[in-house]
Structures are given as structure tokens and as C-alpha cells.
Amino acid sequence: MIKIVKYRKIIAFFLVVVSILLGILTFCKLKNGNIEFIKNNFTKINYFNYKIIIFHFIILTISFFLSFIGIGLFILLFYLLYELFTIGFMFSYFAYFYKTKGILFNFTYFLIYKFILLFLLVILILKYYKLFKNFFKYIRKENVDITKTVVNSQLINIFILFHDIILILFGKYLLNLFTFLLK
């Protein structure tokens with residue numbers, strides 16, 4: 001266990017790279033019919049809608065309550081890996097259909113939408129880890145105050161939901177500014 005904690009940065013970097021590569025590999029393994037289906041229906045996809053707020057609210061609420069026993073950490077970790085997988089998939093999609101312009105658009109999309117979310121998820125995972133450790137110290141009657149960690153984690157949850165609201169209101173307009181890259 002101590003060795004795992006010692007190498008957690010290397011393990012985290014490995015998971016990030018593997019998740020992105022799996023997204024790229026998944027796109028590469030699609031058959032031509034599926035790729036054409038995705039291309040034809042991609043313009044119908046709405047990047048930012050109210051459903052993402054509901055989804056994030058459910059994920060964040062469940063992971064918060066389960067973070068006291070450690071399961072919430074894994075829920076958020078899998079969600080983070082899923083988001084990294086989608087970055088790899090989107091990167092492959094835009095590179096395949098739009099070449100260099102698609103790669104530039106993907107970086108724009110990543111900076112507008114995913115970067116802040118991923119950053120907040122990483123911070124939230126660290127807070128939940130601290131909450132998990134302190135909760136067991138609290139149960140063992142050690143002198144630990146978990147209220148600061150709970151409040152900080154809830155503030156990050158509010159930031160994520162606020163980020164979603166901002167993207168619903170303004171994200172489509174921001175991405176439309178960069179659609180010239182795809183033409």
C-alpha cells in the first residue's frame with residue numbers, strides 16, 4: 001500500500017494516458033458504417049444542455065455521500081477516466097474528418113468545456129480522499145474536524161454546477177466562434 005501511495009503521480013499519469021488512448025483506439029476500431037453514422041448525426045448533438053446539470057448533480061451527490069466510505073472516490077475516478085476517454089474519442093473524430101483544423105477545434109472545445117471540469121474533478125477527488133481519511137480518524141475519536149473538508153468539497157460541487165450553467169448559457173456561442181475551423 002505504501003508503494004502505491006508513493007507512486008500515485010505515476011499511476012495517475014498512466015491512467016490519464018491510457019484513458020485518452022482507449023478513446024482514440026475505440027474510434028479507430030469503428031467500422032466505416034458507424035463512422036459515417038456518427039458524422040451524419042454529429043451536427044444534431046447539442047454540446048451543452050440542461051441534462052448535463054442533472055447528470056453532474058446526481059454523480060456529485062452520490063459520490064459525496066459515498067466518499068465517507070471511500071466508494072465516492074472510485075465513482076469520481078471512473079467519471080474522470082470517462083471524460084478523458086471522450087477527449088480521446090473526440091480528438092480522433094475531429095482529426096479524422098477535419099484534419100489539422102479539427103485538431104485545433106478539439107483543443108478549443110477542450111479548453112472551453114473539459115479543462116475546467118477536469119481540473120475541478122481532480123481537486124474534488126483529492127478532497128474526497130482527505131474526507132475519507134479524516135472520517136475514519138473522526139470515528140476512532142481522534143481530534144479531527146471534517147467540516148472544513150466537507151464545506152470545501154461542497155463548494156467545488158457548486159463550482160462544477162455553476163460551470164455547467166455558464167456553459168449552457170454561453171458555451172454554444174463560444175464554440176460557434178470557432179466553427180470556422182471546421183469549414
Side-chain angles (χ1 to χ4, degrees), residues 3-49 51-53 55-60 62-63 67 70-129 156-157 159-161 163-164 166-168 171-172 174-182:
K3 286 186 178 184
I4 291 174
V5 172
K6 184 177 178 183
Y7 297 109
R8 67 179 175 249
K9 290 180 183 177
I10 295 170
I11 293 169
F13 180 75
F14 176 75
L15 288 174
V16 166
V17 170
V18 167
S19 296
I20 293 173
L21 288 177
L22 279 174
I24 293 170
L25 183 66
T26 301
F27 184 82
C28 292
K29 291 294 182 181
L30 289 176
K31 295 188 170 46
N32 286 336
N34 292 338
I35 292 174
E36 290 302 318
F37 176 78
I38 291 171
K39 182 180 180 186
N40 293 337
N41 291 312
F42 193 75
T43 56
K44 299 175 187 175
I45 294 174
N46 188 0
Y47 293 109
F48 314 106
N49 58 31
K51 293 177 186 174
I52 197 72
I53 293 176
F55 178 71
H56 281 166
F57 180 76
I58 291 169
I59 290 288
L60 296 174
I62 291 171
S63 65
S67 68
I71 297 172
L73 290 167
F74 292 107
I75 291 172
L76 278 183
L77 181 64
F78 285 124
Y79 181 63
L80 179 67
L81 295 176
Y82 163 76
E83 288 292 337
L84 292 167
F85 174 86
T86 60
I87 288 171
F89 190 87
M90 297 279 291
F91 182 82
S92 297
Y93 171 84
F94 285 115
Y96 182 80
F97 287 112
Y98 301 106
K99 310 299 182 232
T100 307
K101 291 180 180 182
I103 293 170
L104 291 173
F105 183 80
N106 193 52
F107 281 120
T108 305
Y109 171 76
F110 172 72
L111 288 175
I112 290 173
Y113 180 65
K114 299 283 186 180
F115 181 73
I116 294 172
L117 176 65
L118 294 175
F119 178 73
L120 290 173
L121 283 175
V122 168
I123 292 174
L124 194 58
I125 288 170
L126 295 174
K127 291 294 180 189
Y128 282 177
Y129 178 70
I156 295 169
N157 287 340
F159 284 144
I160 291 173
L161 295 175
H163 173 256
D164 292 341
I166 295 296
L167 287 178
I168 287 172
K172 187 175 184 179
L174 288 172
L175 277 183
N176 283 339
L177 291 173
F178 297 101
T179 54
F180 70 91
L181 293 170
L182 300 178

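Between Leu118 and Ile87 the shortest side-chain heavy-atom distance falls below 4.5 Å. Contact annotation: the side chain of Ile71 never approaches that of Ile62 to less than 4.5 Å [non-hydrogen atoms, C-beta and beyond].
Taking all atoms of both residues into account, the shortest heavy-atom contact from Met90 to Asn106 is CB-OD1, 3.6 Å. The heavy-atom pair separating Ile156 from Lys127 by the smallest distance is CD1-CG, 3.8 Å. The two atoms that bring Ser67 and Tyr128 nearest to each other are CB-CG, 3.7 Å, heavy atoms only. Closest heavy-atom contact between Ile52 and Asp164: O-OD2, 3.9 Å. Among all heavy-atom pairs drawn from Ser92 and Gly23, the shortest one is OG-O, 4.4 Å.
Atoms CZ and CZ, on Phe107 and Phe94 in that order, are 12.5 Å from each other to the nearest 0.5 Å. Between Ile125 atom CD1 and Ile75 atom CD1 the span is 11.0 Å, to the nearest 0.5 Å. Taking CG of Leu22 as the reference point, atom CG of Leu15 lies at 10.5 Å (rounded to 0.5 Å). Rounding to the nearest 0.5 Å places CG of Leu21 at 9.5 Å from CZ of Phe14. One finds the CD1 atom of Ile116 at 12.0 Å from the CG atom of Leu121 (value rounded to the nearest 0.5 Å). Taken to the nearest 0.5 Å, the CZ atom of Phe78 stands 10.0 Å off from the OG atom of Ser19.
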Stepwise ring pair (Phe, Tyr, Trp, His ring centres under 6.0 Å) check, Tyr93 with Phe97: CA-CA 6 Å; Tyr93 171 84; Phe97 287 112; 4.9 Å; yes
Tyr79 vs Phe55, ring pair (Phe, Tyr, Trp, His ring centres under 6.0 Å): CA-CA, chis, key distance, verdict: CA-CA 11 Å; Tyr79 181 63; Phe55 178 71; 5.5 Å; yes
Steps toward side chain to side chain contact (heavy atoms under 4.5 Å, CB included) verdict (Ile103, Phe91): CA-CA 7 Å; Ile103 293 170; Phe91 182 82; 3.8 Å; yes
Verdict with supporting geometry, Ile160 and Leu124, side chain to side chain contact (heavy atoms under 4.5 Å, CB included): CA-CA 10 Å; Ile160 291 173; Leu124 194 58; 4.2 Å; yes
Steps toward side chain to side chain contact (heavy atoms under 4.5 Å, CB included) verdict (Thr26, Phe85): CA-CA 9 Å; Thr26 301; Phe85 174 86; 3.3 Å; yes
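Residues Phe105 and Tyr98 place their aromatic rings such that the two centres sit no closer than 6.0 Å.
Here the options are Leu77, Leu76, Leu73, Asn157, the test is side chain to side chain contact (heavy atoms under 4.5 Å, CB included), and the partner is Ser63; only Leu76 passes.
Atom NZ of Lys29 is surrounded by 12 or fewer heavy atoms from other residues, nucleotides or ligands within 6.0 Å. The 12-atom threshold is exceeded at CZ of Phe110, counting heavy atoms of other residues, nucleotides or ligands nearer than 6.0 Å.
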